[in-house]
Amino acid sequence: MNKTVHIKTYGCQMNVYDSSRMRDVLAPLGYAETDMAEGADLVILNTCHIREKAAEKVYSELGKLREMKEARAAQGKEMLIAVAGCVGQAEGQEITRRNKAVDLVFGPQTYHRLPELLGQRQATGRAAVETEFAAERKFEELVEKPQAQGSVAAFLTIQEGCDKFCTFCVVPYTRGAEFSRPVAQILQEAAKLAARGVREVTLLGQNVNAYRGEGGNGPESLARLVARLSQIQGIERIRYVTSHPRDMTDDLIAAHGANEKLMPYLHLPIQAGNDRILKAMNRGHTVADYLRLVDKVKAARPDIALSGDFIVGFPGESEAEFAGTLQVAREVGYASAYTFKYSPRPGTPAAARADQIEEPVKDQRLAALQAQILEQTKAFNASCVGRELPVLLEKPGRHDGQLIGRSPYLQSVHVAAQNLSIGQIANISIKSVGPNSLSGQYVGQI
Ligand code: 5AD
Ligand code: SF4
């Protein structure tokens with residue numbers, strides 16, 4: 001009965017959540033997790049398709065796994081290889097054609113059927129490929145599965161998919177149409193998390209603020225869901241990611257000013273700082289719309305830390321248009337941001353354009369934007385020195401007697417563990433900043 005599974009996760013936080021639920025689905029079959037592929041009975045690559053290199057990395061990883069599988073077969077043992085996630089969804093059968101060692105291929109909406117797929121593979125001796133698209137049934141089945149113990153901060157997927165069709169993005173094709181889980185199901189999952197010691201939940205969705213889950217008397221908004229979640233005893237902090245500017249409603253903005261449990265951090269991608277490019281991206285908002293939104297959010301919660309995503313080198317982007325991106329990043333005053341070089345994704349409208357930007361130009365723009373964002377992040381972190389911040393202590397640090405936690409603004413904070421324990425929210429006086437984290441001293445418990 002005792003078997004081992006190794007899951008390697010690529011890409012976004014939703015994949016991190018999905019991987020943890022795959023563990024929950026496999027646990028009743030006797031699978032325990034191992035942190036090495038070598039020697040595992042089942043290896044799952046939970047993949048990401050958002051950028052080109054990610055898929056290529058998967059294929060090269062599969063090459064290595066195939067050798068491992070053959071070595072294991074020579075010892076008379078079996079090792080099953082599975083490709084999950086968005087590459088599984090997008091490539092389907094192609095994966096089993098390119099690599100004959102792959103036993104299972106399934107997408108983000110079908111991993112709840114893993115036991116069945118494993119059975120099918122064993123019964124037929126042939127690879128099982130399942131890329132159906134029905135998130136609804138997945139969540140209904142998952143809510144029944146107990147979740148493994150984890151950290152005091154947990155992810156909870158509340159929404160999946162995207163109807164917006166930005167012209168660069170594969171998500172609408174790999175994760176499907178927007179789907180929101182019903183309110184009651186989410187509250188049930190959050191209550192279970194709280195009961196096992198989780199104090200912070202990060203609500204996940206590709207368009208999390210487009211959430212419209214059934215609440216009994218019709219669909220409820222994200223703001224209403226957050227209000228309900230904040231009533232659960234034990235849940236002290238709530239975050240959500242990723243938001244679209246078009247769905248940033250007034251009630252959600254108001255919640256940032258009114259609900260203490262909603263953390264002062266907002267990831268709100270703009271992608272580019274020029275209206276012509278935004279239009280070509282089919283973003284459905286202008287730079288001015290975005291800046292107005294940011295003003296409203298700051299008015300509701302003046303200390304909010306803003307974060308975003310940027311794509312440089314979208315087809316046809318001129319030097320002057322790129323300068324708009326640098327300008328908007330400065331104007332918004334992001335505390336952090338994720339920056340990407342445009343990568344043509346097969347099947348998306350932008351990939352078919354003739355005016356692709358050359359790689360060296362993209363490299364230059366990326367370096368310039370990253371340098372500026374780094375300065376902004378350093379300045380934001382430095383502005384925290386001398387402040388007292390409530391820090392949720394999450395895990396032991398690298399050094400003895402040290403704990404690492406998170407500030408309300410999502411910064412890592414290192415503290416001396418004396419008189420403190422994991423799961424506590426402690427008031428920490430920030431003393432210094434490192435490249436990626438803050439350090440401070442315990443002042444008192446909240
Ligand atoms: N090329 C580069 N970046 C992309 N993203 C999505 N698709 C692409 C692409 N084709 C980025 C966007 C999005 C983030 C998750 O990934 O910035 O917000
Ligand atoms: Fe992709 Fe745009 Fe949808 Fe985000 S909003 S998932 S970038 S299509």
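Computed from heavy atoms alone, side chains included, the values below leave out hydrogens, waters and symmetry copies. Order of appearance sets the numbers: ligands from 1, and atoms from 1 within every ligand. As the structure is a prediction and not an experimental result, all values here were calculated from the model.
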Proximity to ligand 1 by part of Phe168, non-hydrogen separation under 4.0 Å: both
Taking non-hydrogen atoms only, is Arg51 closer than 4.0 angstrom to ligand 1 via side chain, backbone, both or neither?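 Under 4.0 Å from ligand 1, Arg51 contributes side-chain atoms alone.
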Which of the numbered atoms in ligand 1 are below 4.0 angstrom from a heavy atom of [X]?
X: Asp309; result: 13 (C), 14 (C), 15 (C), 17 (O), 18 (O)
X: Ile311; result: 3 (N), 4 (C), 5 (N), 12 (C), 17 (O)
X: Arg345; result: 10 (N)
X: Ser343; result: 1 (N), 2 (C), 9 (C), 10 (N)
X: Tyr342; result: 1 (N), 2 (C)
X: Gln271; result: 12 (C), 13 (C), 17 (O), 18 (O)

Between Glu189 and Lys192, is a salt bridge (charged side-chain N to carboxylate O under 4.0 Å, His left out) present by the stated rule, with each step listed? CA-CA 5 Å; Glu189 191 167 326; Lys192 277 194 203 166; over 6 Å; no
Check for a donor-acceptor pair, side chain of Asp309 on one end and backbone N or O of Gln271 on the other, with a separation under 3.5 Å.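 Judged by distance alone, no pair lies under 3.5 Å.
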Please test Asp251 against Ser221 for side-chain hydrogen bond (donor to acceptor under 3.5 Å, both in side chains), starting from the C-alpha separation and ending with a verdict. CA-CA 9 Å; Asp251 64 341; Ser221 67; 3.1 Å; yes
Between Tyr240 and Gln159, do the side chains contain an N or O donor and an N or O acceptor separated by less than 3.5 Å?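 There is no such pair between these side chains.
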Counting heavy atoms only, name the option from Met281, His267, Lys341, His244 that's nearest to atom 2 (C) of ligand 1. Lys341
Does a side-chain N-to-carboxylate-O contact under 4.0 Å join Glu178 and Lys164?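 Yes, charged N to carboxylate O under 4.0 Å.
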Relative to each other, are the rings of Tyr334 and Phe310 parallel, tilted or perpendicular (30° and 60° limits)?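 Geometry flag for Phe310 against Tyr334: perpendicular rings.
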Taking the six-membered ring of Phe168 (Phe, Tyr or Trp), confirm whether the NZ or CZ of Arg345 is under 6.0 Å from its centre and within 45° of its axis.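 No, Arg345 does not lie over the aromatic ring of Phe168.
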